[in-house]
2 protein chains.
Amino acid sequence: MAKRERGTLSRAEIVRVAMEVAEAEGSDALTFRRLGPALGVAPTAVLRHFRDKDELLLAIGAQLLENALAEVDHDEPSWRERIMSLSRATRRAFVAHPRVAALVATRTLRQEAEFRTVELIIGAMEQAGLNGRAAASMYRVVADTVLAWTAFEANVHAVGLDVMRQDGLAWDREYVVLPADRYPHIRGVAEHLSEVDREDQFELALELVLDAVEARGNAGGQARAI
Amino acid sequence: MAKRERGTLSRAEIVRVAMEVAEAEGSDALTFRRLGPALGVAPTAVLRHFRDKDELLLAIGAQLLENALAEVDHDEPSWRERIMSLSRATRRAFVAHPRVAALVATRTLRQEAEFRTVELIIGAMEQAGLNGRAAASMYRVVADTVLAWTAFEANVHAVGLDVMRQDGLAWDREYVVLPADRYPHIRGVAEHLSEVDREDQFELALELVLDAVEARGNAGGQARAI
DNA sequence: ACCTGAACACCGTTCAAGT
DNA sequence: ACCTGAACACCGTTCAAGT
């Protein structure tokens, strides 16, 4: 709560503290009125650095993507390994901050980190042998697969944190208890539902998409878009 | 604004009007204080039918899923066609109401419509030849692929509606304008980025997953989970 | 792209009271 | 799972004023 000298507040520090507050106290706590005290300034001081709350959220999203990009091996010669490296790093970076990730993972950020990510994926598509419309099309399948899964997982984690604290019920607990006569198939596999490893699924879903990229690239990427 | 007789308000009507208000005026307008007048009651009357706002949101999500299930051909004998039918219906039902869909698509609903959906998918996995842990695992890959893509698309539509009204900039417009020297790959395919058809991508992503289900089912589903 | 404090126009939710 | 109106404890954002 210590007051600070003027001119010492920065966008970077606001983003950092905003992420800390949200992860520690829940995304409901991510308000200017709580952020002010946490930064040692008046709540409205944050508005001198971000036009509005949405601009702050997009900056948080950009920070998550920067964290991801910092872990990617950009010199990896295999396009396929480069994409897997980017994908795993993105998943890790977002799921590491599930509450803020859930708020921003489906947003178009339009910031430098996003442009660099797009550039990386399209470059990989071209190396795989795709051009023009085929490269654009498969870029979107790859990017949206990574983003959609990442956003989904972040949401599941974030909601899970809140719900479990709220009513103590885990997802799998709920399902095991369903009546067998009405839901025989669920009942038959209920015991296995909680064992599923989401990282494995993410990897599998991505490998399937990259198999398709590889097949289309080898066939000559100009022929068909999808 | 017409006042109504007591006892005539119902959960179903509240859900319907809430969806109308949100789609017509933006998801910011989905508040009890606006919903009251739209229903002809006091804002707090809604709280006599839903414990809190989150319960209303989950009911809206259940309605979207009911809309989807109503379109599915449950008697289709091919498990693969049944899954595709469910997937397409889910995508359509959610994207038809993008703003509310964006609010609920990643939530675990824990309502009857969701249990029926899970039951349908697991039944299809078993018909494909998967059992136990393998069926549970592939159920999750299928369900999460549909949900993740649907949530992602709903978000893109919802944000798109708001952003386009806000600053008149479409996603593709933004990217065409990037400097070619720093983003050569983007520049090379920029003209194609706006042509991509999301429905085609959704279909492709799903077909790839179902290919994997088919391959594992034929190989004998007990062997490996993923 | 300075920081503050008061003010404005909103929220969700609770609760006593009215049918 | 009745409905209302006032009240409470919050929000984001604007704006005049202070450094």
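Quick note on labels: first sequence line is chain A, next is B, and so on, each numbered from 1.
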Protein-nucleotide distance (B:F32, atom CZ; D:dC10, atom P), rounded to Å: 19 Å

Starting at atom CZ of B:F50, determine the distance to atom P of D:dA1, rounded to an integer number of angstrom. 12 Å

Roughly how many Å is it from CD in B:E5 to P in D:dC3, rounded to a whole number? 11 Å

D:dC8 - base-pair partner by Watson-Crick or wobble geometry, distances under 3.5 Å: C:dG12

When all nucleic acid strands are considered with a 4.0 Å heavy-atom cut-off, which category describes B:R11: base, sugar-phosphate, or nothing? base

How close or far is atom P of D:dT13 from atom CD of A:E55, stated in whole angstroms? 11 Å

Of the candidates D:dA7, D:dC3, D:dT13, the side chain of B:R33 sits closest to D:dA7

Euclidean distance, atom NZ of residue A:K53 to atom P of D:dC10 [Å, nearest integer]: 15 Å

Rounded to whole angstrom units, what separation is found between the CD1 atom of B:I14 and the P atom of D:dA1? 13 Å

Could you tell me how far apart A:R4 (CZ) and C:dT4 (C1') are, to the nearest whole angstrom? 15 Å

So, does B:H185 use its side chain to make a donor-acceptor pair with the main chain of A:E126 at under 3.5 Å? no

What is the pairing partner of C:dG18, taking Watson-Crick or G-U wobble pairs with both distances under 3.5 Å in any strand? D:dC2

Residue A:A45, side-chain atoms from C-beta onward, closest of C:dC3, C:dG12, C:dA7: C:dC3

Side-chain H-bond candidate by donor/acceptor type, A:Q63 with A:N67, under 3.5 Å: yes

Considering only atom C1', compute the distance from D:dC11 to C:dA9 and round it to an integer number of Å. 10 Å

Consider the side chain of B:L9, meaning its heavy atoms from C-beta on, and name the nucleotide among C:dG12, D:dC3, C:dC3 that approaches it most closely. D:dC3

With nearest nucleotide decided by heavy atoms, which residue, A:A29 or A:R48, maps closer to the 5′ end of DNA chain D? A:A29

On the nucleotide C:dC11, are OP1 or OP2 found under 4.0 Å from the side-chain N or O atoms that B:R34 carries? yes

Between the base of C:dG5 and the side chain of A:T44, is there any donor-acceptor pair under 3.5 Å? yes

Just by distance, do the side chain of A:R107 and the backbone of A:L58 share a donor-acceptor pair under 3.5 Å? no

Charged N to carboxylate O below 4.0 Å: is that the case for B:E66 and B:R116? yes

Taking atom C1' in both D:dA17 and C:dC3, compute the distance separating them and give it to the nearest angstrom. 11 Å

So, A:R33 side chain and A:P43 main chain: donor-acceptor pair closer than 3.5 Å or not? no

I need the CG-C1' distance between A:D54 and D:dG12, as an integer number of Å. 12 Å

